[in-house]
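Below is one structure; the comments refer to it alone.
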Amino acid sequence: MVSRRNFFSITLIMLVVVFMFQVPEIIKNRVNNYGQNEYEETADSTFTAQSVHLPSAADAKKSARFVVYIGDEEDGFVGGMVKQWSLYTKRYLKSCKSVAEYVPDKDNLPEAVLVDTAYLDMDKDISVLAGYTDLGINLIFCNLPDVTEVSKNPKLRKLLGINAIIRDRITVEGIRLMDGFLLGGIREFILDETMEETQQDLNLAMPWYRISGGAKMFMHGMMEDEEMEKYYMMSNGDVIMKNQNLPAIIWRNKYQKAMVFAVNGDYLSSNAGIGILSSMMLEMKDYDLYPVINAQNLTVLNFPDLADENEAELMERYSQPLKAIYRDIVWPGLVSVAQQNSNKMTCMLTPQTDYEDDLEPEGETLVYYMKLFQEQNAEAGLSGTHVREMDISEKLDEDVKFLDKVVPDYSVLSLYQGNMTDEEMADALKRKKFAKVRTVLADYDASAQLVSFQWDGIVRQSGICDGYSHTFGEDLRMMSIQTALGYSNIQVDINPVAHPASDEDSWEKLSRKYAGNTSTYWKRFRKFQKTTLAESDMRIRRFLALDYQQERKGDVISLHISNFEKEASFVLRTHGEKIEQAKGAEFEKIEDGAYLVTATEPEVQLVLEEAHDRYYYFEDK
């Protein structure tokens, strides 16, 4: 028989247990304001398309940020990349379609002349370009002419620092990116026994140029020693480091009073080249301080799908309907990876991909996920992915009708373009529900601007990498764009899970790739801020609007920022110097010789500590 005292104790314990498990859940549900977008206020910016700073010739005289481009800036390849890089780095760009069009002004010389060799007259222009170096103008050859042209032009070879052409064409084993060039450190893009052949998507075939001993290598082909000895014989008395013997891809040569950079390949033919240009600018000076976006996005595309579509196939594969797969398998996996990497997710909802079937999206399921999103500080946007048989306008009308019914007060700030055309997106944005949309995410396009204003003042953000893929080319792209912008956007599309094309689309296999690739991509860039698309939009607006001036006196760098709104991010890269203290800013070390500087005031001072190892240039004798 239980005594009164024991009965009271048992009852009290049971009440405590109930309180511990039920009350926190009740409180969580009460404070979970899932029907409001928390980023509507916290990620707002006053800057619009009219706020974008477009550097002028007058700006160039004040800032000394001025480059000349020989080529067509509207070509969508090298020229488009140069134009984009100039805009982001706040440089005035003067474009000429021939060397003859540009006459240097000795009172306003550019930092560098960038050259697309397709626009050169090899018989006349090489001597003119060499003459620029006497004025101290640096040269960047964004590509090289055919090896036959290089072989018959000794002036060009001398200017570029090419000591010899070992072979007109050779296929290397891999490619090595040297330490200290791009952010992220040394990288060897070469397959091992654990990798699939598809991971190697860089061009391994190239002319074998041996550069002179005084030149500096930034990227070169990799090959076995036996292969080198087979094709290469060192001339008598010629002492050159092994790296100088290897096929040169990116290097610089000291010539007269300037530096000459060369790119053996198409690495500057897309927007992925902007970080390479930024790294070249660092080589021209003692340090480089430039603005960055400072935003790392993880975008989950087409999740959740709120209708139990494709039920027959999913039951066969998983023995569960789509709703259960997403709830019990996919969502826990997404959260696990996000928490491990301290990421913020932006989930692009797909109420339904095809409204022409008899299924309808479930409001209870949307509410369930909206609560989960808020608990994880995730943002909910809307996906434009649709089956082409259905008119996109009709689909969006149905999506809006559903959202207005279930979460009428939720402000959609972000849209995913999916397979919508630009014209379809422009039409979509006219809907009342999308009146507060600030940003549109588009898939990666090598020729498009990475971030820009489009569709009447709405920011267009580009995806950078696919969360299920990690090729060497994608890795190099990520490093380059991170170097120039401190920006990335990894996209994880959940649609293949709901509509699998093969066994490779099972979440078990896809999640393994996603978890490994996400950690790999961002491991070297953890100091940059993790954001949702709305937060990234705010940072992009501030980045595009600001202008700045800087000067250095002794160990102190003074930074003056105009069009400043709350904070602005910069990267400082040095040749070994360290930041000792900062005024008006906070700073974090990214890696040796690189710092993330977050300005909290428009006037900033950085005090540098002298490096133990001095940085020197060695000229050819």
Can you name the nearest heavy-atom pair linking [X] to [Y], along with the distance?
X	Y	value
G463	L441	N-CD1, 3.6 Å
K509	D503	CD-O, 3.7 Å
A515	V337	CB-CG2, 3.7 Å

Interatomic distance, [X] atom [atom1] to [Y] atom [atom2] [nearest 0.5 angstrom]:
X	Y	atom1	atom2	answer
H220	M178	NE2	CE	5.0 Å
S270	D445	OG	CG	10.0 Å
C347	Q376	SG	CD	9.5 Å
I464	I481	CD1	CD1	4.0 Å
S452	I540	OG	CD1	9.0 Å

Heavy-atom side-chain contact between [X] and [Y] under 4.5 Å:
X	Y	value
Q454	V440	no
L485	Y290	no
Q374	E38	yes
T439	L413	no
K323	T365	yes
D443	N419	no
N495	L301	no

Can a donor-acceptor pair be found between the side chains of [X] and [Y] at a distance below 3.5 Å?
X	Y	result
D547	N563	no
N341	T518	no
S411	E40	yes
N297	T299	no

Review point. Counting N and O atoms only, with roles assigned by atom type, does the side chain of Q417 sit under 3.5 Å from a partner on the main chain of M420, one being a donor and the other an acceptor?
Key: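 Here the side-chain-to-backbone pair exists.
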Point to revise | Pairs flagged by ring-ring contact (aromatic ring centres under 6.0 Å, His included) wherever residues 482-509 is involved - sequence neighbours left out | key: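 Passing the test, one end in residues 482-509: no pairs.
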Point to revise | Option from N377, T346, T531, D44 for which side chain to side chain contact (heavy atoms under 4.5 Å, CB included) with Y39 holds | key: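 Testing Y39 for a side chain to side chain contact (heavy atoms under 4.5 Å, CB included) against N377, T346, T531, D44 leaves exactly one candidate, N377.
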Review point. Name the one of I590, L596, V597 that satisfies side chain to side chain contact (heavy atoms under 4.5 Å, CB included) with L572?
Key: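 Exactly one option meets the side chain to side chain contact (heavy atoms under 4.5 Å, CB included) with L572, and it is V597.
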Point to revise | Intermediate values then yes/no, side chain to side chain donor-acceptor pair (under 3.5 Å), N302 and T385 | key: CA-CA 7 Å; N302 305 306; T385 302; 3.0 Å; yes
Review point. Taking the six-membered ring for Trp, are the ring centroids of Y548 and F570 within less than 6.0 Å of each other?
Key: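 For Y548 and F570, the ring centres are under 6.0 Å apart.
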**Study point:** Within the 6.0 Å centroid threshold, strictly below: F373 and W331
**Key:**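 Ring centroids of F373 and W331 are less than 6.0 Å from each other.
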Exercise for review: For D266 and N143, run side-chain contact (heavy atoms from CB on, under 4.5 Å): C-alpha distance rounded to whole Å, both residues' side-chain angles, the deciding distance at 0.1 Å, then the answer.
Suggested key: CA-CA 7 Å; D266 62 355; N143 47 34; over 6 Å; no
Check your understanding: So with a 6.0 Å cut-off around CD of E508, is the heavy-atom count from everything else above 12?
Key ->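 No - once you tally the heavy atoms of other residues, nucleotides and ligands closer than 6.0 Å, there are 12 at most.
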Review point. Just wondering, are more than 12 heavy atoms of other shown residues or ligands nearer than 6.0 Å to CZ in F77?
Key: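 Not more than 12 within 6.0 Å, no.
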Give a yes or no on whether a salt bridge exists between [X] and [Y], defined as a side-chain N under 4.0 angstrom from a carboxylate O.
X	Y	value
D286	R573	no
K285	E111	yes
K513	E196	no
E603	K583	no
E591	R524	no

Point to revise | Axial cation check for Y444 ring with R477, 6.0 Å and 45° limits | key: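 Positive - R477 is close enough to the ring of Y444 and near enough to its axis.
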**Study point:** Cation-pi geometry met for K90 and F543 (6.0 Å, 45°)
**Key:**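 Ring-cation test returns yes.
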Review point. Side chain to side chain donor-acceptor pair (under 3.5 Å) between E379 and S414: does it pass, once the steps are laid out?
Key: CA-CA 9 Å; E379 178 191 350; S414 308; 2.6 Å; yes
Practice item. Report the C-alpha distance between F303 and Y369 in whole Å, list the side-chain angles of each, state the deciding distance to 0.1 Å, and finish with yes or no for ring pair (Phe, Tyr, Trp, His ring centres under 6.0 Å). Key: CA-CA 10 Å; F303 180 86; Y369 279 107; 5.4 Å; yes
